[in-house]
Amino acid sequence: MEKQTENIVRLKWLDRLHEWRTKHVSDRMFVIILALLVGFFAAVAAWVLHSLINQISALLTGQIDNTGANWLYLVLPVIGIYLTSLFVRYIVRDDISHGITRILYAISSKRSRLKAHNTWSSVVSSAITIAFGGSVGAEAPIVLTGSAIGSNLGRVLRLDSRTLMLLIGCGAAGAIAGIFKAPIAGLVFTLEVLMIDLTMASLLPILVSCVTATCFTYIFSGDNTLFTFHIDSDWNIQRVPATILLGVFCGLVSLYFIRTMTATEGMFARFKDKPYVRLAIGGVMLSLLIFLFPSLYGEGYGAISMLLNGRTEADWNQILDGSLFYGHSEWLIAYLALVLLTKVFATSATNGAGGVGGTFAPSLFIGCFAGFLFARVWNEHSIGVYVPEKNFALLGMAGVMSGVMHAPLTGIFLIAEITSGYNLFMPLMITSVCAYLTIIIFEPHSIYGMRLAKRGQLITHHTDHAVLTLMSLDSVIDHDYMAVDPDMELGQIVHKISRSHNSQLPVLDAGGTLLGEIDIRRIRHVVFRIELYHHFSASQLMTQPAAILQDSQSMKEVMKAFDKTGADWLPVLDSEKHLKGYISRQRIYGMYRKMVADMSQE
């Protein structure tokens, strides 16, 4: 009773707030205010997560010896994943993996609604996973957190689905901008990855969220960029061939990343109902890899900084510290190649065993190693003009990110902003575009969208496809139909016709299975002949539908069925072949036109 009273008071308070806002604040200004709040909370979430990771990691690894192998690397990752899996299983009680994929799914099929626990659960779980050595990134959990903040704030204020989608975009953009202090990258991320159309109505709120998140991140953590980078030498036109080849190489590395991760995830999916088996397999795989290659520990940003900031061989050889390769600088190239190849297994093992994290940081990590390795091999074999290895490490980060995420603009602007490497804008563009053009030959969708694309649930910038994806099949099914049994006589059928509001009467057996349908328009010649009322039964009058729809079909397939048959009504069956209802051509096309008009408005 007390809880009901609290809910009533809360609803009345929201009603008064909504009434006051409608009178005093315009819709556009209200959205901008909300975007500012979402940007602020996204920055706070990013700061909290990185603070937790840094504090826990420093406590756990402070005593690690860098001059040889460390047995702690065999233990810490398993403990972290186990603690994370307990937290998810007994406290969150929901699947929170694949954060950005979940955002795309929420946009496409759940009317932009993310669960309330997503505003904090990913922060806690990913902090435990990464701090204990999980080889994943914190970016996807923070993007999910920021988007969940926007979604739930909009739901509390009873905003429509279109505004919720915009607030999700503001949360994601603010999260990227806050994590990396990169407002432009946050903006283009929502355009390329989340597929939110960049109209004038959405541009300003997303920019406000990005700028707000960036400013508060500077307040929280100072004015240093994520990576310190000093350009070795200015780019010149003679390096164009090497830059193009680097882009192609990054595209192939991206293909390896996507295909290997998909295959490894498939392996862990076989043990979905056996969490301890997954923990054993993933934990052993991850621990052994980190023991052999300590650079795989956590996000790997320390290793990236070594490659970007090194000036001498001694600096770059620090990447071997803590490993079995320590003191053997002649094995540097082999070490870089092995880390590049095994990083994807470490990331897959972390998530597959029960950890929580994203592929954002791993793509940066692999890109940096790929770029440095490419440049080192190029220079050692005297292939054309000399290329600066530090610069190419930076370009590789943009290239692999562009390929894995299918987002060349995000790769270009993110790398330029987080390193202040604007002098390399031209090679960044060449590398990113070449990597993207290479990967789309083999993979039409990003690592985030490919899972949804297979089910036809991925939003794209193609208006027709986007509208059909957003439309829900259940929302257009008419469940109010007049069914007849096969032995029913014409006289009784006429009585049914008088109460039916559509032109089809389904003929069902005793189990509810569709046998056929009676088209009222085709029996007009006998309906008014009373002397025939006892001479015809439903089984004699019924015909087969022009097409039969399944409730698992996508709206694109439904529209194709109507276009192909020209029917006005089509039946929908469930997985057990029972009739769920009918879909009207007029209703589905009317909803389609309305949604196209809504999406076209600024």
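Given the structure is predicted, the values throughout are model-derived calculations rather than measurements.
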Taking the six-membered ring for Trp, are Phe220 and Trp47 parallel (under 30°), tilted (30 to 60°) or perpendicular (over 60°)?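 Phe220 vs Trp47 ring planes: tilted.
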
Axial cation check for Tyr218 ring with Lys181, 6.0 Å and 45° limits: yes

Euclidean distance, Thr212 OG1 relative to Leu37 CG, rounded to 0.5 Å: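 Between Leu37 CG and Thr212 OG1, I get 9.0 Å after rounding to 0.5 Å.
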
Do the non-hydrogen side-chain atoms of Leu286 and Val78 ever get within less than 4.5 Å of each other? no

Check whether any side-chain heavy atom of Pro408 sits under 4.5 Å from a side-chain heavy atom of Glu192, and report yes or no.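 Counting from C-beta outward, Pro408 and Glu192 do come under 4.5 Å.
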
Would you kindly say whether Thr84 and Thr129 are connected by a side-chain donor-acceptor distance under 3.5 Å?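 Yes, Thr129 and Thr84 have a side-chain donor paired with an acceptor closer than 3.5 Å.
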
May I ask you to check whether Tyr335 and Ser295 show a side-chain donor-acceptor distance below 3.5 Å?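 Yes, a side-chain donor-acceptor pair sits under 3.5 Å.
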
Is Trp120 atom CH2 crowded by more than 12 heavy atoms from other residues, nucleotides or ligands, each under 6.0 Å away?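 Enclosed.
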
Sidechain N-carboxylate O distance under 4.0 Å for Arg376, Glu313: yes

What are the two closest heavy atoms between Gly358 and Pro141, and how far apart are they? N-CD, 4.0 Å

Within the 6.0 Å centroid threshold, strictly below: Phe425 and Phe413: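 Ring centres of Phe413 and Phe425 closer than 6.0 Å.
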
Stepwise, does the side-chain contact (heavy atoms from CB on, under 4.5 Å) test hold for Val356 with Phe87? CA-CA 11 Å; Val356 174; Phe87 172 77; over 6 Å; no

